Each structure stands twice: as structure tokens, then as C-alpha cells.
Amino acid sequence: MKYTLYLFFFLSMSMDAQEFAEASLIEKTELDADVFVSTNNFNNTFYVLENVLFKHSSETKGIDIGYNNFQLGNITSINTFNPLKINVFYKDFNTVIVLDNRLAEIFKIDFNTLSDYKNVSHVATGSDNTLWIFNENTQQLELFDYKSNSTRAKTLPIKSTVLDLKSNYNNCWILTEKALYVYDYFGNLLKKMKNQGYTSIEIDNENIIFKKDNALFYLKKDSETIIPISLPNLLINQFHVTNETLYIYNKETLHKYQLKIN
């Protein structure tokens, strides 16, 4: 009987270890970019080449439109969650440029000029005219209204190095060296979980994809179990997920996968 229990235990462990998310290759596309940013539901691809943000679209008949602002230094991050209000963050100048869907400037936020000075390290999109920003001076995550120059919400101080920041219109996810925090629109902490060595995240319908070393992992919304995504041996320079479609860029080719959760 004891041996039967041992056998059942090891078989159960083996089944748990084999749980994973499948990724089926859909297509590959050659892409000359320094950084791949995202591909959206309208099949628009955003990428950076020589510090210029480009948008590739079938509507432009093969001519990619671009945006540059070299006087602000190197681009730190780009958020395309809202395609009508794309955020380009220049950390060296503590400035965010908001672009429309044609990559034309519609707003500039210079945090250096605010009476309530903010030293910003990470930026993500909020709803309406807001940005989620991490203020290094106060170590707080803030929901900042850039039209009224006011803070709508802020969290308690986060005493750990911030690695990544992502958001949708309702929630914000902040990955630090110690933990992942999830906040609602009012700055209330919804969830906290220990960081097991992950360095970046992507959000897809509130499901989370983590990157650790050269591997990706999946956490389904309302679940506590993080499972690996089964992928071929592929260098992951950048990745993006939208509607269970996973994009991976390896400095030469953009790979498009369909995710399937077992």
C-alpha cells in the first residue's frame, strides 16, 4: 500500500510538472528594428529603429510613418495600449509625449516644470487623460491627470526596485525585484505576490505573461498558478501579447503564436 501511495505521489508531481501553455506558430515576418514594441488588433506594428518610433500598417501601402524627438534623448518606453493616445517616455528629460494614431504630437508632459515636481522612472496608460507613473522621489505609483496637472490617486510607498509597469483602463500592474503588485483605478492594492526572478511582464485581458531569463510564463486571471509557455529554442529580445496572440522578436524575425492553455 505504501508503494502505491508513493507511485501516486510521483505520478501527480509529474502531471503537475507537465502543465504548460501551448504556443502554436502562425507566421513569421522579417523585421528590421532595434526594439519591437507591439502589434495591435488592427495589424499595426510599432517598432523603434535608430531612436525613431515607426508604425507599420497595411493602410500606408508599405510606407511606415515615423516619429522622432532627438532633442529629448533616447526613447525609454512606449505604450500603445490606447492607439489614439500613444505614450512615448524619455526618462533622461523626465518627459512624456502623447501621440495620435498618425504619430502626430497632441500633448507634452514635462514633469520638470510642475510645481509638484515628479522624478518619473516608469510610465503606463490610464483612462481619459491620465498616466500611471512611478515617482522615484516618493516611491509611489500615481495616477496622474496630465490635462489638469493633478494626481487622482496614489499608492503607499513601494520599497523595492521597479522593473516593469503595465496597465489597462482599470488596473495597473507593477513588477519589482521583490513582488508583483496589482492596483485598481483608485490606488487600492488588489493583489501582491512574490517575484520568483521575473524581469518583465505583459498583460492580456488581465492575464499576465512573465519573462524570466529566455523563457515566458503564464498566469491566468484569478489563478495563483504560474505555468511555463511551451516555445521552441528562440531568443526573446522583446515580446507582446494581445487577445491570446503572442509576438516574439529575436532581432531579425517577428514570430506570431496562438496561445492555448491546457
Side-chain angles (χ1 to χ4, degrees), residues 34-35 37-38 46 48 51-53 67-82 85-99 103 105-193 195 198-203 210-211 238:
D34 296 322
V35 177
V37 178
S38 66
F46 298 87
V48 177
N51 206 35
V52 178
L53 170 63
Y67 170 81
N68 69 78
N69 200 324
F70 297 129
Q71 64 189 25
L72 292 178
N74 292 325
I75 296 172
T76 303
S77 66
I78 300 164
N79 191 297
T80 62
F81 177 74
N82 182 344
K85 294 179 180 178
I86 298 166
N87 302 319
V88 185
F89 177 44
Y90 296 86
K91 186 177 186 300
D92 290 344
F93 282 77
N94 207 24
T95 297
V96 173
I97 303 295
V98 182
L99 308 176
L103 302 190
E105 287 190 23
I106 55 177
F107 214 89
K108 178 180 180 181
I109 308 107
D110 184 349
F111 294 104
N112 301 299
T113 63
L114 300 180
S115 56
D116 180 18
Y117 171 76
K118 302 177 188 298
N119 184 20
V120 178
S121 66
H122 291 76
V123 174
T125 299
S127 62
D128 301 324
N129 300 309
T130 64
L131 299 172
W132 286 101
I133 62 172
F134 186 75
N135 187 342
E136 287 193 317
N137 286 354
T138 61
Q139 295 292 290
Q140 289 175 297
L141 180 66
E142 302 181 20
L143 183 62
F144 179 71
D145 187 324
Y146 56 82
K147 286 289 184 71
S148 64
N149 286 338
S150 62
T151 297
R152 293 190 185 180
K154 65 173 62 176
T155 69
L156 293 173
I158 300 171
K159 298 179 180 179
S160 179
T161 301
V162 176
L163 302 177
D164 205 355
L165 182 66
K166 294 294 189 294
S167 65
N168 57 24
Y169 294 129
N170 299 313
N171 300 329
C172 186
W173 292 256
I174 184 166
L175 180 69
T176 75
E177 288 184 341
K178 294 182 179 179
L180 173 73
Y181 301 84
V182 186
Y183 294 94
D184 67 13
Y185 188 78
F186 303 101
N188 299 313
L189 181 63
L190 302 177
K191 183 176 184 179
K192 177 183 177 181
M193 60 185 296
N195 183 359
Y198 305 111
T199 54
S200 61
I201 57 173
E202 285 289 335
I203 307 301
F210 298 88
K211 183 175 186 287
Q238 289 90 37

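This structure is a prediction, so every number in the text was calculated from the model and none was measured.
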Sole candidate of Val120, Ile109, Thr95 that passes side-chain contact (heavy atoms from CB on, under 4.5 Å) when paired with Phe89: Val120
Sidechain-backbone polar pair: Ser167 side chain, Thr125 backbone, donor-acceptor under 3.5 Å: yes
Side-chain heavy-atom pair Ile133, Phe144 within 4.5 angstrom cut-off: yes
Validation row: Phe186, Arg152 side chains within 4.5 angstrom (heavy atoms): no
Pair Ile106-Ile97, side chain to side chain contact (heavy atoms under 4.5 Å, CB included): steps then yes or no: CA-CA 8 Å; Ile106 55 177; Ile97 303 295; over 6 Å; no
Side chain to side chain donor-acceptor pair (under 3.5 Å) evaluation trace for Lys154 with Asn135: CA-CA 10 Å; Lys154 65 173 62 176; Asn135 187 342; over 6 Å; no
Over 12 foreign heavy atoms within 6.0 Å of CG, Leu156: no
Exercise: identify the closest heavy-atom pair between Asn168 and Trp132: O-NE1, 4.3 Å
Check: Asn188 main-chain N/O paired with Asp184 side-chain donor or acceptor under 3.5 Å: yes
Rounded distance (nearest 0.5 Å) linking atom CG of Asp164 with atom CG of Leu180: 10.0 Å
Check: Asn112/Asp110 side-chain N/O donor and acceptor closer than 3.5 Å: yes
Close side-chain approach of Asn68 to Leu53, heavy-atom, < 4.5 Å: no
Working for side chain to side chain contact (heavy atoms under 4.5 Å, CB included), residues Val123 and Leu165: CA-CA 7 Å; Val123 174; Leu165 182 66; 5.6 Å; no
Asn51 CG to Asp34 CG distance, which is reported to the nearest 0.5 Å: 9.0 Å
Test item: Lys147 and Thr130 side chains (from C-beta on) under 4.5 Å apart, heavy atoms: no
Close aromatic pair by centroid cut-off 6.0 Å: Phe81 and Tyr169: yes
Phe111 and Tyr117 aromatic centres sub-6.0 Å: no
Donor-acceptor pair, side chain of Lys91 and main chain of Ile75, under 3.5 angstrom: no
Lys211 side, atom NZ; Tyr198 side, atom OH - distance, nearest 0.5 Å: 13.0 Å
Within 6.0 Å of NZ in Lys192, more than 12 heavy atoms from elsewhere: no
Mutual orientation of the aromatic rings belonging to Phe107 and Tyr146 [parallel < 30°, tilted 30-60°, perpendicular > 60°]: tilted
Separation between CG of Leu163 and OG of Ser200, rounded to the nearest 0.5 Å: 8.5 Å
CD-CG distance between Glu142 and Leu131, expressed to the nearest 0.5 angstrom: 11.0 Å
Leu99 and Glu105, any side-chain heavy atoms less than 4.5 Å apart: yes
Within-4.5 Å side-chain heavy-atom neighbours: Ile78 and Phe46: no
Matching residue for Tyr181 among Thr176, Leu141, Asn195, Leu190 - test: side-chain contact (heavy atoms from CB on, under 4.5 Å): Thr176
Nearest heavy atoms of Lys166 and Glu202, plus distance in Å: CE-OE2, 3.3 Å
Side chain to side chain, Val37 and Val48, heavy atoms closer than 4.5 Å: yes
Value rounded to 0.5 Å, distance of CD1 in Ile174 from CZ in Phe134: 5.0 Å
Between Thr155 and Gln140, a side-chain donor and acceptor under 3.5 Å: no
Student check: side-chain heavy atoms of Asn69 and Phe93 closer than 4.5 Å: no
